[in-house]
Amino acid sequence: MATIKIKQIKSKIGAPVDQKRTLLALGLHKISQVVEREDTPSVRGMIRKVHHLVSVLD
């Protein structure tokens, strides 16, 4: 299956608890960290929830 690279670009400080937990569920712990996840609808939904804190890399 296809994969997607996700990079945290902003701090989670000041974000609501649900958004902090979403970042942890994606495997992101610090700024500039890049993780690779399967491109599934659930992962896309998590990215949409924290779209202002992460970016999707090619």
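Sequential numbering from 1 along the given sequence is applied to the chain's residues. The model shown is predicted, which means the values in this text are computed figures rather than measured ones.
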**Q** Between atom CD of Q33 and atom NZ of K7, what is the distance when rounded to the nearest 0.5 Å?
**A** 11.0 Å

**Q** Is there side-chain contact between V50 and K20, with heavy atoms separated by less than 4.5 Å?
**A** no

**Q** Which pair of non-hydrogen atoms, one from I9 and one from S55, has the smallest distance, and what is that distance?
**A**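 Taking I9 first and S55 second, the nearest heavy atoms are CG2-OG, 3.6 Å.
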
**Q** Do T22 and L53 make a side-chain contact, defined as non-hydrogen atoms from C-beta onward lying under 4.5 Å apart?
**A** no

**Q** Side chains of I47 and R37: closer than 4.5 Å at any heavy-atom pair?
**A** no

**Q** List the steps, then state whether side-chain contact (heavy atoms from CB on, under 4.5 Å) holds for K49 with D18.
**A** CA-CA 9 Å; K49 185 174 186 92; D18 59 335; 3.1 Å; yes

**Q** Quick check: do P41 and R44 have side-chain heavy atoms less than 4.5 Å from each other?
**A** no

**Q** Could you state the interatomic distance from CG (L28) to NZ (K12), rounded to the nearest 0.5 Å?
**A**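 One finds 9.0 Å between CG of L28 and NZ of K12.
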
**Q** Work out which heavy atom in E36 is nearest to a heavy atom in K5; give both atom names and the distance.
**A** OE1-CE, 3.8 Å

**Q** Within the 3.5 Å criterion, strictly below it, is a donor on E38 or T3 matched to an acceptor on the partner's side chain?
**A**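 No pair is found: no donor N or O on one side chain lies under 3.5 Å from an acceptor on the other.
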
**Q** Using every non-hydrogen atom in the two residues, find where I13 and S11 come nearest and quote the distance to one decimal.
**A** N-OG, 3.0 Å

**Q** Less than 4.5 Å apart, side chain to side chain, heavy atoms only: is that true for L23 and V54?
**A**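 Yes; the side chains approach each other to less than 4.5 Å.
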
**Q** Roughly how far, to the nearest 0.5 Å, is NE2 of H51 from CD of Q19?
**A** 8.5 Å

**Q** Under 3.5 Å, is there a donor-acceptor pair linking the side chains of Q8 and H29?
**A**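 The answer is no; no qualifying pair exists.
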
**Q** I'd like to know if L26 and V56 are part of one continuous hydrophobic network [Ile/Leu/Val/Met/Phe/Trp/Tyr, side-chain heavy atoms within less than 4.5 Å].
**A** yes

**Q** Is any side-chain heavy atom of I4 closer than 4.5 Å to a side-chain heavy atom of L57?
**A**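 A side-chain contact is absent here, since even the closest heavy-atom pair is not under 4.5 Å.
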
